[in-house]
Student: 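This is the structure I want to talk about, given as structure tokens.
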Number of protein chains: 2
Amino acid sequence: MPQSNLEIDIYEQPEALRRLLTDERANIEKIAAAIHERDPKFITLAARGSSDNAGRYAKYLFGAANGLIVALATPSLYTHYDQPPRMDGTLAIAISQSGQSPDIVSVIKEGRRQGGPTVGITNDTRSPLAQEAEHVIDMCALRERSIGATKTYTTSLMSIAMLSTALIQNKAQADERWRMLEQVPELVTQVLANAEATIKAAERYRYMRVCVVVSRGYNYATVFENALKLKELTYTLADPYSYPDFQHGPIAVIEDGFPVIAHVPQGPIMHEMIAFLRDVRERGAELIVISAEPEALAMAQTPLPVPADMPEWLSPIVNIIQGQLFTLGLVRAKRFDPDKPRGLMKVTMTQ
Amino acid sequence: MPQSNLEIDIYEQPEALRRLLTDERANIEKIAAAIHERDPKFITLAARGSSDNAGRYAKYLFGAANGLIVALATPSLYTHYDQPPRMDGTLAIAISQSGQSPDIVSVIKEGRRQGGPTVGITNDTRSPLAQEAEHVIDMCALRERSIGATKTYTTSLMSIAMLSTALIQNKAQADERWRMLEQVPELVTQVLANAEATIKAAERYRYMRVCVVVSRGYNYATVFENALKLKELTYTLADPYSYPDFQHGPIAVIEDGFPVIAHVPQGPIMHEMIAFLRDVRERGAELIVISAEPEALAMAQTPLPVPADMPEWLSPIVNIIQGQLFTLGLVRAKRFDPDKPRGLMKVTMTQ
């Protein structure tokens, strides 16, 4: 069987991440120095689809590592209502693999018009986004063949992680984090080495129509991206949540056999999240658990392991690989064409 | 048949909104004056569940009317990761009907510790949130009987709209908006007067298991709240979207008969949204349309009208009433108990 474009993209991720780390570090450090001089008070981030999920990662990472609050932008205020908010004191960041979507570009245009620093993160350095942004980060993913984003998602996360690291003033701390970043391609390779087990495990969910995907903190991004992949490529109604949001109402949907996909990173949320999973299992949920923690994996009907002892802030880049592989397995089990998702195009030109 | 608590709460909304407008205006104007003196650069907003949906409304309203960017908070950075971001220059707002949830209160505590202005919007003025916040807005909803929030949701929206209006410096413009606000209880009454038609219309969806709810702009909040009510009370997997986000991938889930609930406000997004609905109808979607616009209503299998010529910024308070009534109708059609949603409690104590 020839490899699908989706698989080719998935397997190219270690290489793409390595290229980004090598080729863009100097540029990103220069951008960070320029941003630092402007002393932004907060960040406004514009993106859609998978890029918006990368934005969710940015909220936690810039908040925790750089003390910067991130507001996800409201593009329609710029494009439709013609009432863009004041952007003084803000660093505007836009993420778009194609760099084409006019509504996303409009936020950067306005940020620049108001005089603030602007960064475009894109896989096309000749795109409108790259032309409008003061600073440009190249995702270095080269051509993404598949309509469902995979390597442009993980390189978006890595771009954000590199920018966050470059913005850290304490040199020893920054150096330590650069060393951690360098390990990510190898961690991704380790997950890909067991791809067949995940693809096989997905078969059990051949007739799954709905599910929820839950985590919290850094992996809030992962649940949105995991759910989006399932929707785009397997047409499963997959609903993403942080577990506290899920507890505030939606938990009512759980009934016997209801599938819950849980990303359980090692770190401060782990024990509470395991208690949450115990609760949903008692309500009858079927658990698919992506984790390095034996206790969490042991609770699952379908355990999908990831390497142990990762720094939690980097786990989203590694955990989503299992989400991609599970989606790929489900696409095969349901006998859909991974390269022709129903009614999608690679570039979506929303205003 | 005795009225359920859910119905009692729904029908009390005009009265609750009127009480809020009368009893809290002076307090809110005083709070706005105090905030104005501190000249915040942006807003950080913490909330969960229905209150988080009210926060989505705040993002558009404070952005458009007050030029203030709103960042939804990341409570886990405060409670679990112990890395709260810098909050200088920010106005911190928390919304919680019970005022109990420790993670939400922690954001306000930290905002106050860092010296910024803080506002708690709550239905319990003796709650921990009310005690921690520098300024308190009372939702004036009195006791909410039902577990699913209805009147505390619309009074949260109204509280935000009143605070936004009070923050407008131009007196003529503010006065004009206060006059518009005064009309809202009557608009809600008009929708409630036709409640039976909506409740009856919901019967067609007796066997609906999944759906999406879409809009954009101010009513981005409405789709999240409408979807949440459906999940909490009818266990329908209802997925909320802005239509551009829906186009960036999830549109692939549409197949013949797939139900799409659309809120189509009159205003700048209307024509584009009607074009979007034409597209999903061609893909086989069944449309449930909440709108005042004849063209949008005519496209629907199930048209649910709202009063014409509302200012769009107030439409979320009126549109959600149709969402509540549709949910109530579906609860009845599916023969669930509206007052005993599976596994929910009124107060959820997430950390």
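Given the structure is predicted, the values throughout are model-derived calculations rather than measurements. Below, all heavy atoms of this structure are taken into account, side chains as well, without hydrogens, waters or symmetry copies.
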Student: Kindly state each residue pair satisfying salt bridge (charged side-chain N to carboxylate O under 4.0 Å, His left out) with at least one member in residues 70-87 of chain A, sequence neighbours excluded.
Tutor: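 Sorted pair list: R86(A)-D88(A).
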Student: Please identify, among P268(A), G89(A), P84(A), A252(A), the residue contributing the most non-hydrogen atom pairs under 4.5 Å to chain B.
Tutor: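 Ranked by contacts with chain B, first place is A252(A).
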Student: For the OG1 atom of T90(B) and the NZ atom of K41(A), what is their distance to the nearest 0.5 Å?
Tutor: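 Here the rounded value is 12.0 Å.
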Student: Which one, A149(A), P341(A), P244(A), leads in non-hydrogen pairs under 4.5 Å with chain B?
Tutor: P244(A)
Student: What part of S50(B) gets closer than 4.5 Å to chain A, counting heavy atoms only: side chain, backbone, both or neither?
Tutor: neither
Student: Counting only heavy atoms closer than 4.5 Å, note whether T79(A) contacts chain B via side chain, backbone, both or neither.
Tutor: side chain
Student: Given the options H80(B), M87(B), Q247(B), E232(B), which has more heavy-atom pairs under 4.5 Å with chain A than any of the others?
Tutor: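 With the most close heavy-atom pairs to chain A, the winner is H80(B).
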Student: If you count heavy-atom pairs within less than 4.5 Å of chain B, which of D239(A), L228(A), I147(A) leads?
Tutor: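 Of the candidates given, the most pairs with chain B belong to D239(A).
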Student: What part of A238(A) lies closer than 4.5 angstrom to a heavy atom of chain B: side chain, backbone, both or neither?
Tutor: backbone
Student: Given a strict heavy-atom distance threshold of 4.5 Å, which part of Y218(A) is in contact with chain B: side chain, backbone, both, or neither?
Tutor: both
Student: Where does F258(B) contact chain A at under 4.5 Å (heavy atoms): side chain, backbone, both or neither?
Tutor: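 Only the side chain of F258(B) comes within 4.5 Å of chain A.
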Student: What's the separation between atom CG in L237(A) and atom CZ in R209(B), rounded to the nearest 0.5 Å?
Tutor: 10.5 Å
Student: Given a strict heavy-atom distance threshold of 4.5 Å, which part of T234(A) is in contact with chain B: side chain, backbone, both, or neither?
Tutor: neither
Student: Hey, which of R283(A), E272(A), R216(A) has the most heavy atom pairs under 4.5 Å with chain B?
Tutor: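 Heavy-atom pairs under 4.5 Å are most numerous for R216(A).
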Student: May I have the step-by-step check of ring-ring contact (aromatic ring centres under 6.0 Å, His included) for Y81(A) and Y60(B), ending in yes or no?
Tutor: CA-CA 10 Å; Y81(A) 296 102; Y60(B) 288 86; 7.2 Å; no
Student: Side chain, backbone, both or neither: which part of F336(A) has a heavy atom under 4.5 Å from chain B?
Tutor: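 When you check distances to chain B, no heavy atom of F336(A) falls under 4.5 Å.
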Student: For E312(B), what residues pass the salt bridge (charged side-chain N to carboxylate O under 4.0 Å, His left out) criterion, not counting sequence neighbours?
Tutor: none
Student: Give a yes or no on this: more than 12 heavy atoms of other residues, nucleotides or ligands lie within 6.0 Å of atom CG of N170(B).
Tutor: yes
Student: Among I254(A), I43(A), D245(A), which residue forms the greatest number of heavy-atom pairs with chain B at distances under 4.5 Å?
Tutor: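 Winner by heavy-atom pair count: D245(A).
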Student: Which donor-acceptor pairs under 3.5 Å do side chains of residues 62-77 of chain B form with protein atoms, sequence neighbours excluded?
Tutor:
from   : atom 1 : to      : atom 2 : distance (Å)
N66(B) : OD1    : S164(B) : OG     : 2.7
N66(B) : ND2    : S164(B) : O      : 2.9

Student: Sort by residue number and list every member of residues 99-107 of chain B having a non-hydrogen atom under 4.5 Å from chain A.
Tutor: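 So far as heavy atoms go, S101(B), D103(B) are the residues that approach chain A to under 4.5 Å.
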